[in-house]
Amino acid sequence: MLDIKLIRQNLTECQTALQHRKENINLQDLIDLDDRRRATEQKRSSLEAEANDLQKQVGKLKQQDPDHPTIEQLRQKANEIKQQVADLSKQEEEIKQQLHQQLLTIPNLPHPSTPIGQSEADNQTVRTWGEEYKPTHPVMPHWEIGEKMGILDFERAVKIAQTRFVNLVGAAAQLERALINFMLDQHIKAGYGEVMPPFLVNSQSLQGTGQLPKFATDAFRCQEDDLWLIPTAEVPVTNLYRDEILDSEALPIKHCAYTPCFRREAGSYGRDTRGLIRLHQFNKVELVKFVLPGESEREHEDLVSDAENILQLLRLPYRVVALCTGDLGFSAMKCYDLEVWLPSAGQYREISSCSNFGDFQARRANLRYKTKGKKGTEFLHTLNGSALAVGRTMCAILENYQQPDGTVLVPQALQPYLGREYLV
RNA sequence: GGAGAAGUGGCAGAGUGGUUGAAUGCACCUGACUCGAAAUCAGGAAUGGGGGCAACCUCAUCGGGGGUUCAAAUCCCCCCUUCUCCGCCA
């Protein structure tokens, strides 16, 4: 959520920043609304001050003489004021609600270092890695080899659930587990504390990270219970400290978490219909950081490195892409995607997305910190990134490690987890 | 799911209708003492909104929401959470 004070002070900057993300929101309307809020609040609170004063007078008089004649007068006066206060409070509450609801639908401002652009096409490649590990022989798509080996079963998944689900069978199931453990072990080594959070969360949590109110149709919902299947571990983990005041000395806090992720993928009907790329349920290991505002940019770069480290250890070719303003997610001010090489398609595909949210999520989720000896509290900064999407990592392995004879070599880093050299 | 108890500041814990935003203790900050520290003494200090250059003023907040009253941490209703017992269960 943007700070209304910041909008008031930097109206034109905010307005152009939002235009860069193709958002045509009239911020002046918000300021007008905020003006009304302030005026109403001032009126109300001065009336309340008057009423409080009367109350104290009544209290004093009652102690002197319970039947003091002016008590009745003061009482009437207080009742009159109370009526006015009630009316004003109602107005004030409506204005506040309106303002709040509008603010919740406004995306974050892009960071100055985010390239300005319209779409995916304007994203900037920052670096590429592992060119030498790309296979040189023809490679079957992962779904083809997976079905041939009998380890990916899409057909029966449709029967027991729906399209866009999969059964991982035998070696694939083991590989999935191995990847999860491998990734978590690496991150723990890098200083991230593991969390296994709830896989269902309430609406408040989704609002905290930015999925609600605008993107309700993207998530699976258990309507009876105000619970939603998590679209990413970002939601429960970022909300861990919601409405808490952390000690500045405790920052940065770094967590890693494995969770399944559930997405309705509404509006992607024709896309990636085959294989593991786009499923309603997939596994992911996520990194989440809570940091001091001055440190978020550096922590962001480190977070990207931590995600890259997994790809490097697995020897999977990838590139790092800086998303442009037009392609940036709702809550992010800056974002790098990691894209892994998929030889069957001859293209790089997103396998991780590492974002710096600034204080945007912190405001929504009321994540604050306090510095000893300093008055007041401040919003911290949040960051997160996939490290990595496990299903897509499996795709990349099934393809990049595919041998000309149709077997798949197990990446060396994973061999201790699987206890073998080849998947057959 | 049924029965009971409880939810107060960073923590512990008083407070059952009126100058209580809230005693006391711990933790914290400032000053004094000290060569320095500890101990001791004196003082300060909650969070959020609004106004003011500022000193400061003002409103709200005792799990959440409603109600009674001139006045609610305190009384009434609903909800949430935690604990205990019973039931069910991986």
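Chain A is the first sequence line, chain B the second, and so forth, proteins listed ahead of strands; every chain is numbered from 1. All of these numbers come straight from a predicted model, not from anything done at the bench.
Note on ring orientation: taking the six-membered ring where Trp is involved, the planes of A:His280 and A:Phe165 are tilted (angle from 30° to 60°).
B:G51 and B:A42 have their P atoms separated by 40 Å, with the value rounded to a whole Å. With P as the reference atom, B:A5 and B:A23 are 29 Å apart, rounded to whole Å. The gap from the P atom of B:G10 to that of B:U58 amounts to 24 Å, rounded to the nearest Å. Taking atom C1' in both B:C29 and B:G18, one finds a spacing of 34 Å when rounded to whole Å. With P as the reference atom, B:G44 and B:C56 are 13 Å apart, rounded to whole Å. Look at the C1' atom in both B:C28 and B:A45: the space between them is 8 Å, to the nearest Å. For the C1' atoms, the distance linking B:G65 with B:A60 amounts to 16 Å, nearest Å. Here the separation of B:C35 from B:G48, taken at their C1' atoms, is 46 Å to the nearest Å.
The side chain of A:Lys56 has B:U19 as its nearest neighbour among B:U19, B:C59, B:G50. The side chain of A:Ala78 sits closest to B:C70 out of B:C70, B:C59, B:U47. Picking from B:C70, B:A60, B:G49 the nucleotide with the shortest atom distance to the side chain of A:Lys5 gives B:G49. Distances were taken from every side-chain heavy atom of A:Ser45 (C-beta onward) to each of B:U58, B:G50, B:C70; the shortest belongs to B:U58. For A:Glu48, whose side chain is taken as the heavy atoms from C-beta onward, the closest listed nucleotide among B:U19, B:C59, B:U47 is B:C59. Of the candidates B:C70, B:G48, B:G49, B:C70 carries the atom nearest the A:Lys82 side chain, counting heavy atoms from C-beta on. Here the nucleotide nearest the side chain of A:Val58, chosen from B:C70, B:C59, B:G49, is B:C70. Nearest nucleotide to the side chain of A:Lys370, out of B:A60, B:C70, B:U47: B:U47. Comparing B:G50, B:A60, B:G48 against the side chain of A:Arg37 picks out B:G50 as the nearest. In this structure, the nucleotide among B:A60, B:G50, B:G18 sitting nearest to the side chain of A:Lys62 is B:G18.
With both pairing distances under 3.5 Å, B:A60 is matched to B:U47 as a Watson-Crick or G-U wobble pair. As the counterpart of B:U82, B:A5 is assigned, both hydrogen-bonding distances of the Watson-Crick or G-U wobble pattern falling under 3.5 Å. The partner of B:U40 is B:A32, judged by Watson-Crick or G-U wobble contacts that both fall below 3.5 Å. A 3.5 Å limit on both hydrogen-bonding distances identifies no Watson-Crick or G-U partner for B:G21. Pairing of B:A73, defined by two Watson-Crick or G-U wobble distances under 3.5 Å, is not identified with any nucleotide.
Side-chain atoms of A:Glu301 and A:Tyr336, non-hydrogen and from C-beta on, do get closer than 4.5 Å to each other. Contact of the A:Ile31 side chain with the A:Ile7 side chain is registered, since non-hydrogen atoms from C-beta on lie closer than 4.5 Å. The side-chain heavy atoms of A:Leu276 and A:Arg392, taken from C-beta on, include no pair separated by under 4.5 Å. At least one side-chain heavy atom of A:Leu27 sits under 4.5 Å from a side-chain heavy atom of A:Ile106. Between A:Leu246 and A:Leu380, some side-chain heavy-atom pair lies under the 4.5 Å cut-off.
Per the geometry, CZ belonging to A:Arg75 stands 10 Å off P belonging to B:A71, to the nearest Å. Taking atom CG of residue A:Leu54 and atom P of nucleotide B:U58, one finds them 15 Å apart after rounding to whole Å. Atom-to-atom, CG of A:Asp53 to P of B:C57 comes out at 15 Å; the value is rounded to the nearest Å. What separates CD of A:Glu93 from P of B:C59 is a distance of 19 Å, to the nearest Å. Remark: C1' of B:U69 and CG of A:Asn52 are 14 Å apart, rounded to the nearest angstrom. Atom CZ in A:Arg368 sits about 6 Å away from atom C1' in B:U47, given to the nearest Å. Taking atom CD of residue A:Glu80 and atom P of nucleotide B:U69, one finds them 16 Å apart after rounding to whole Å. One interatomic measurement links the two molecules: CG of A:Asp243 to P of B:G48, which rounds to 13 Å at whole-angstrom precision.
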Inset, instruction - Determine, step by step, whether A:Leu314 and A:Gln412 satisfy the side chain to side chain contact (heavy atoms under 4.5 Å, CB included) criterion, reporting the C-alpha distance in whole Å, the side-chain angles of both residues, the deciding distance to 0.1 Å, and the verdict. - result: CA-CA 7 Å; A:Leu314 293 174; A:Gln412 197 153 29; over 6 Å; no
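Among the heavy atoms of the strands, none lies under 4.0 Å from A:Ser46.
A:Asp247 and A:Tyr369 form no side-chain donor-acceptor contact under 3.5 Å, judged by distance and modelled atom types alone.
Where A:Arg44 and A:Leu74 meet RNA chain B, the nucleotide closest to each residue was compared, and A:Arg44 sits on the side nearer the 5' end. A residue-by-residue look at A:Lys60 and A:Arg38 shows that A:Lys60 has its nearest nucleotide of RNA chain B further toward the 5' end.
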